[in-house]
Amino acid sequence: MLFLRLRHFLMAPLDQSDPPCDRGDQALKRVAARRLSERCKASVQVGVWLALNLGVALYYGSLGLRRAFRTEYVVQDDAREYVFWMQQFVDPAVLPHDLIADYFKSITPLGYAAIYHLVAMFAIEPLVLSKILPILLGAIATLYGFGICLRLFPVPVAGFVAMVLLNQSLWFRDDLSSATPRAFVYPLFLAFLYYLVRNQRLGVIVTVVLQALIYPPLVLIAIALLFLRLWEWQRWRRPRFQPQHLLVFGWAASLGGLALLPYAVSSAEFSPIVTAAEAWTMPELHPGGRHPYFDGNRWQFWLTGQHSGILPPLLPPLIWAGVALPFMVRSQRFPLAVRLRREAGVLTQTALVSLGLFFAAHAVLLKLFFPTRYTTHTWRMVLAIAAGIVLTIGLDALLVACETLATSHRWISVGWRVAIAGALGALLMLFPAMSREFPATNYRASGEAALYEFLQQQPLDSLIATLSDEANNIPTFAKRSVLVGKEYALPFHLGFYRQIRQRTLELIEAQYSPDLAPMRQVIRKYGVDFWLLDRGAFVPEYLQHKSWLQSFQPAFDHATLSLQQGKIPGLTTQIKACSAFESESVIVLRASCLDS
């Protein structure tokens, strides 16, 4: 009886019903009382499993939060692109007439920026909010995901397992911790699916609009999914049109399209977008470039490429159990599989729609941005939910088998099955502890506090020219503009990138030319106020380690050859006389002195 009791405790579905009763008023009252008691027990059961899920989500989020606030100058890698310019919400005077800030402002979705703007009204710095948001987004995604699981498969333990897997998978990547628009994919899409499977039309429409305002690629998946659901799909039968779904599809597509317009208009400021023919010729989009997309290895390109591959790097391993769901529900060996509801077809539909948009993004090459944007996130959610259901159905079948074997005194076989179940449970909960990369926050800490404090004392419109990696941090920590920077050199909108490319070419030439004239020309042309140098900037190995600069030819090769030949850059002769700040790693020179 031990295994049956354990099975009943873990696997009892929420939608159990009693047969009709006609035995008189007293019997009806007893049945009603029993049903009420069962509902109360079910509510408690759901509450316990949901509380455990939220505890897991908050625990993983707290691990990321600890890294986010471990020192004063910490920022998530991608937040340096999307969050730095939002400091203008707190002080509109910072980063004035800044090309880089203006560009990232133009490509930032309106709804995403509105969240930071709203919170900034309460004197909360955007950088601080970017560190708090991940834990909140993780909790919201967990709530909606758990609700979806109960709707598709009314066994609370399945929702618990699914959300543990989803939270682990999220924190094996830096999507949540980035607090960029893609961090909102999970709560937004899970909210959309939740309202969809519950047939709550207003919720569906509102979430589609929010997707368009916060993460535009996601709205394409949602609208395509709504379009697919206009037909009822049955095996070996012609699909039947469902006119009752047409209204919600029409409203969602119309309002979602309107919500996309501000983003399209804003980003058009720096058009045109790079074409397929141009992209093939750009070293920035090949291995070693700033944003590698193309790959000579076709298998790697189509299967595991970071921006092009169809196989997302999903962890933990148990999440792949979700692939078995379509086969498990057709088998007669799993009694609990009958509890899977028809609404579960939305998982397959989501996977297929995402796959279709993946190939569409490949076909139009960068017009829909990178293809992996349409599969990585949605497949993670679909697989986590499916895996939770698969593991629960499998555990139920295992407990039934163990009880049968126990009554036959076949304890050796029982022991093996219990050991397998225990190993799976341990793997579920303990796998993150086995990885040094968990949680994968990609937070970047800087030890150049004195540099940022020095720059903060300079005029707000100061411009710093540098090839140092500190260019990636200065706009965020010092709130001062830089001429170029690796993080900001995105080669997609040519109206922006052509200017960045020209600046970088001139900067490389100016810094490594034996003649001072190119350096003075850059200072006058762009209004440079400070020139920042790494202390090892004039050894050949320095440039060789900056692979992203290799795309800027011929300036990069000329500078490298000049250093290898032992030619002394003219800028080195001015360091002692024009130094304004020095630390163990960097030297800051006054441009007014360099140009005198």
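Residue numbers run from 1 in the order of the sequence given. Keep in mind the model is a prediction, meaning the values are calculated, not measured.
With hydrogens and angles left out, the side-chain atoms of E506 and Q502 include a donor and acceptor closer than 3.5 Å. Remark: the S481 side chain and the D98 side chain contain an N/O donor-acceptor pair separated by less than 3.5 Å. With 3.5 Å as the limit, one finds no donor-acceptor pair spanning the side chains of S177 and N442. Donor-acceptor pairing under 3.5 Å is recorded for the side chains of Y452 and E470. If you check the side chains of Q76 and S130, you find no donor sitting under 3.5 Å from an acceptor. There is a side-chain donor-acceptor pair under 3.5 Å between E284 and Y497.
Considering W85, Y82, Y116 in turn, Y116 is the only one that fulfils the side-chain contact (heavy atoms from CB on, under 4.5 Å) rule with P126. The one candidate from D102, I107, L494 that meets the side-chain contact (heavy atoms from CB on, under 4.5 Å) condition with F270 is D102. Screening L170, L137, T378 for a side-chain contact (heavy atoms from CB on, under 4.5 Å) with Y186, the sole residue that qualifies is L170.
The nearest pair of heavy atoms linking L58 to A139 is CD2-CB, 4.4 Å. Residue I221 comes nearest to V353 through the heavy atom pair O-CG1, 3.6 Å, listed as atom of the first residue, atom of the second, then distance. Minimum interatomic distance between L65 and K131 (heavy atoms only, all atoms of both residues): CD1-O, 3.1 Å.
Aromatic pair F84/F477: centroids not less than 6.0 angstrom apart. The six-membered or imidazole ring of Y488 lies away from that of F496, with a centre-to-centre distance of 6.0 Å or more. The ring of F189 has its center no closer than 6.0 angstrom to the ring center of H377. In summary, the aromatic rings of F369 and Y374 are positioned with their centroids too far apart to meet the 6.0 Å limit.
The pair K479-D91 does not meet the salt-bridge criterion, since no charged nitrogen lies less than 4.0 angstrom from a carboxylate oxygen. The existence of a salt bridge linking R535 and E584 is excluded, since no basic side-chain nitrogen approaches an acidic carboxylate oxygen closer than 4.0 Å.
Heavy-atom neighbours of Y59 OH from other residues, nucleotides or ligands within 6.0 Å: at or below the threshold of 12. Sparse packing is recorded around CD1 of I568, with 12 or fewer heavy atoms of other residues, nucleotides or ligands lying under 6.0 Å away.
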- Hey, mind stepping through F358 and H362 against ring-ring contact (aromatic ring centres under 6.0 Å, His included) and telling me if it holds? CA-CA 7 Å; F358 170 86; H362 268 291; 4.8 Å; yes

- Task: Decide ring-ring contact (aromatic ring centres under 6.0 Å, His included) for F492 and F370; before the verdict, give the C-alpha distance in whole Å, the side-chain angles of both, and the deciding distance to 0.1 Å.
- Result: CA-CA 11 Å; F492 306 119; F370 290 132; 5.6 Å; yes

- Between D174 and R182, is a salt bridge (charged side-chain N to carboxylate O under 4.0 Å, His left out) present by the stated rule, with each step listed? CA-CA 10 Å; D174 65 346; R182 76 174 190 270; 3.1 Å; yes

- Start with the C-alpha gap between W379 and L355, add the side-chain angles, then the distance that decides, and say whether side-chain contact (heavy atoms from CB on, under 4.5 Å) holds. CA-CA 9 Å; W379 283 10; L355 185 63; 3.9 Å; yes

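Within the model, atoms CD of Q458 and CZ of F530 stand 3.5 Å from one another, a figure rounded to the nearest 0.5 Å. In this structure, CG on D534 lies 7.5 Å from OG on S585, to the nearest 0.5 angstrom. Distance check: H307 NE2 to D295 CG gives 11.5 Å after rounding to the nearest 0.5 Å. R373 contributes atom CZ, which lies 13.0 Å from atom CG of L220 (distance to the nearest 0.5 angstrom). Q553 CD to I508 CD1: the interatomic distance, rounded to the nearest 0.5 Å, is 8.0 Å. Atoms CG and CD1, from L455 and I464 in turn, are 5.0 Å apart once rounded to the nearest 0.5 Å.
Side-chain atoms of R290 come within 3.5 Å of backbone N or O of E487 as a donor-acceptor pair. Side chain of R520 to main chain of A510: no donor-acceptor pair is present (N/O by atom type, distance under 3.5 Å, no hydrogens or angles). Of the possible polar contacts, none joining the S266 side chain to the P262 backbone as a donor-acceptor pair under 3.5 Å is found. A donor-acceptor pair under 3.5 Å is formed between the side chain of R480 and the backbone N or O of Q456.
Between P316 and L165 the shortest side-chain heavy-atom distance falls below 4.5 Å. A 4.5 Å side-chain heavy-atom check between L516 and Q574 finds at least one atom pair inside the cut-off.
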